[in-house]
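Beneath this line is the structure, given in structure tokens, with notes to follow.
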Amino acid sequence: MDRGDGNVTLTSGGLLMRPWREDDLPALLRAYADPAMRRWLATQVHGADGAARWLESRRTEWAAGTRFAFAVTESGREAGRDGGREAGRDGGREAGRDGEPLGNVVLKRPDPVSDCAEVGYWTTAQARGRGVASRALTALTDWAFTHFAEQGLRRLELLHQVDNEASCRVAERCGYPLARVIPALPPDYPLDGHVHVREAPATEEATLRRPERRRAEAAGTGGGRASGR
């Protein structure tokens with residue numbers, strides 16, 4: 001099992017993605033107060049105690065190497081703390097207040113020997129319509145296929161409720177075409193779900209080793225049957 005590097009950061013188009021930390025608690029509560037988050041996400045956060053438990057779960061999962069959740073921030077002020085990476089403005093906007101999260105992207109890999117893992121995301125109300133989800137998901141995807149290549153990661157799946165058309169567009173824009181529809185499972189999943197799949201970049205070695213396998217942004221993806229965002 002790869003426990004990963006708890007200090008890893010990713011950058012993409014003016015965004016910096018880093019592990020969640022304790023001082024993100026107020027921003028997390030503000031994010032989950034959004035009606036769109038309550039509509040689309042299976043897991044909800046209520047009150048300071050709930051936010052603290054959410055943050056502790058993210059730290060525990062990262063240490064265990066089963067789930068890697070990144071807070072998505074604008075990189076301007078974060079750059080000063082992280083060796084000067086990508087300082088400046090994003091799309092003409094000032095960097096967020098002290099690196100306040102604009103969203104979350106996550107890689108879920110509970111089975112370290114599986115060639116498949118799940119990705120997901122959510123974005124705050126002020127981040128939507130700015131390409132934040134697409135940029136963050138692309139960076140996460142590249143990192144996942146690079147970081148876990150030697151462990152055999154070959155496929156990433158993204159799941160969302162069938163009526164979440166904006167998440168469908170984000171998935172397809174990031175190279176995750178629709179692969180199949182899964183049936184509803186009430187009461188937690190009252191509607192059918194879409195499964196989008198992206199395969200690892202093809203290499204000569206990988207081809208020899210395995211057979212061929214045949215604009216506004218939503219709050220996020222509802223996720224798989226057993227886990228939320």
Side-chain angles (χ1 to χ4, degrees), residues 4-21 24 27-28 30-32 34 36-37 40-41 43 54-55 58 61-62 67-79 81-82 85-109 117-148 153 156-160 164 166-176 196-198 215-223 227-229:
D5 178 358
N7 295 316
V8 67
T9 58
L10 314 176
T11 57
S12 176
L15 299 178
L16 183 142
M17 287 138 278
R18 42 88 173 161
W20 287 85
R21 58 198 188 204
D24 292 324
L28 186 65
R30 285 191 290 272
Y32 272 90
D34 177 18
M37 296 275 282
W40 296 117
L41 302 189
T43 297
W54 191 94
L55 292 169
R58 302 296 81 83
E61 292 157 350
W62 193 296
R67 184 179 180 121
F68 304 89
F70 293 84
V72 181
T73 72
E74 289 180 298
S75 63
R77 293 189 183 180
E78 286 292 327
R81 303 176 183 176
D82 194 43
R85 298 186 189 181
E86 274 193 86
R89 301 171 185 260
D90 176 32
R93 298 172 183 253
E94 292 286 351
R97 184 175 67 238
D98 195 25
E100 179 168 317
L102 301 174
N104 176 62
V105 285
V106 58
L107 172 73
K108 296 187 289 184
R109 196 163 181 258
E118 183 185 346
V119 296
Y121 74 89
W122 53 256
T123 53
T124 62
Q126 66 267 33
R128 291 172 209 148
R130 297 168 49 194
V132 170
S134 298
R135 284 178 282 156
L137 179 58
T138 296
L140 179 75
T141 299
D142 293 344
W143 174 77
F145 280 137
T146 300
H147 190 73
F148 295 103
L153 182 63
L156 294 173
E157 295 186 347
L158 184 150
L159 290 76
H160 66 81
N164 193 341
S167 279
C168 233
R169 292 193 291 272
V170 170
E172 292 174 352
R173 189 179 301 126
C174 294
Y176 287 78
H196 294 259
V197 173
R198 179 162 170 175
R215 236 118 293 142
E217 295 174 344
T221 62
S227 60
R229 296 288 169 256

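A quick note: this is a predicted structure, and the numbers were derived from the prediction, not measured.
Annotation: side chain of T73 is in contact with side chain of R18 (closest heavy-atom distance under 4.5 Å). Side-chain contact between H196 and S167 is absent, with no heavy atoms from C-beta onward closer than 4.5 Å. The shortest distance between side-chain heavy atoms of K108 and E61 does not fall below 4.5 Å. Between R130 and E74, some side-chain heavy-atom pair lies under the 4.5 Å cut-off. At least one side-chain heavy atom of D34 sits less than 4.5 Å from a side-chain heavy atom of R128.
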Derivation of the side chain to side chain contact (heavy atoms under 4.5 Å, CB included) call for T123 and V72: CA-CA 8 Å; T123 53; V72 181; over 6 Å; no

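When every heavy atom of A31 is checked against every heavy atom of M37, the shortest pair comes out as O-CG, 3.2 Å. Closest of all the heavy-atom pairs between A127 and V132 is O-CG2, 3.6 Å. When all heavy atoms of S134 and R173 are compared, the closest pair comes out as OG-NH1, 2.9 Å.
One N or O on the side chain of T124 and one on the backbone of L102 form a donor-acceptor pair closer than 3.5 Å. Here the side chain of N164 pairs a donor or acceptor atom with the backbone of G220 at under 3.5 angstrom. One N or O on the side chain of S75 and one on the backbone of G14 form a donor-acceptor pair closer than 3.5 Å. Remark: the backbone N or O of A139 is not paired with any side-chain donor or acceptor of D142 at under 3.5 angstrom.
Between the CG atom of L158 and the CZ atom of R198 there is a distance of 11.5 Å, given to the nearest 0.5 Å. To the nearest 0.5 Å, atom CH2 of residue W122 and atom CG of residue L41 are 8.0 Å apart. Rounding to the nearest 0.5 angstrom, the gap separating the NE2 atom in H147 from the CG atom in L140 is 11.5 Å. Remark: F70 CZ to L16 CG distance equals 10.0 Å, nearest 0.5 Å. The distance from the CZ atom of R135 to the OH atom of Y121 is 13.5 Å, given to the nearest 0.5 Å.
Under the rule for a side-chain hydrogen bond (donor to acceptor under 3.5 Å, both in side chains), the partners of T141 that lie at least two apart in sequence or sit in another chain are Y176. For A117, the side-chain contact (heavy atoms from CB on, under 4.5 Å) test picks out L107, R109, L153, L156, with sequence neighbours left out. Partners of A69 by side-chain contact (heavy atoms from CB on, under 4.5 Å), not counting sequence neighbours, listed by chain and number: W20, R58, N104, V106.
Ring geometry for W62 against F68 counts as perpendicular: the plane angle is over 60°, on a 0 to 90° scale with 30° as the lower cut.
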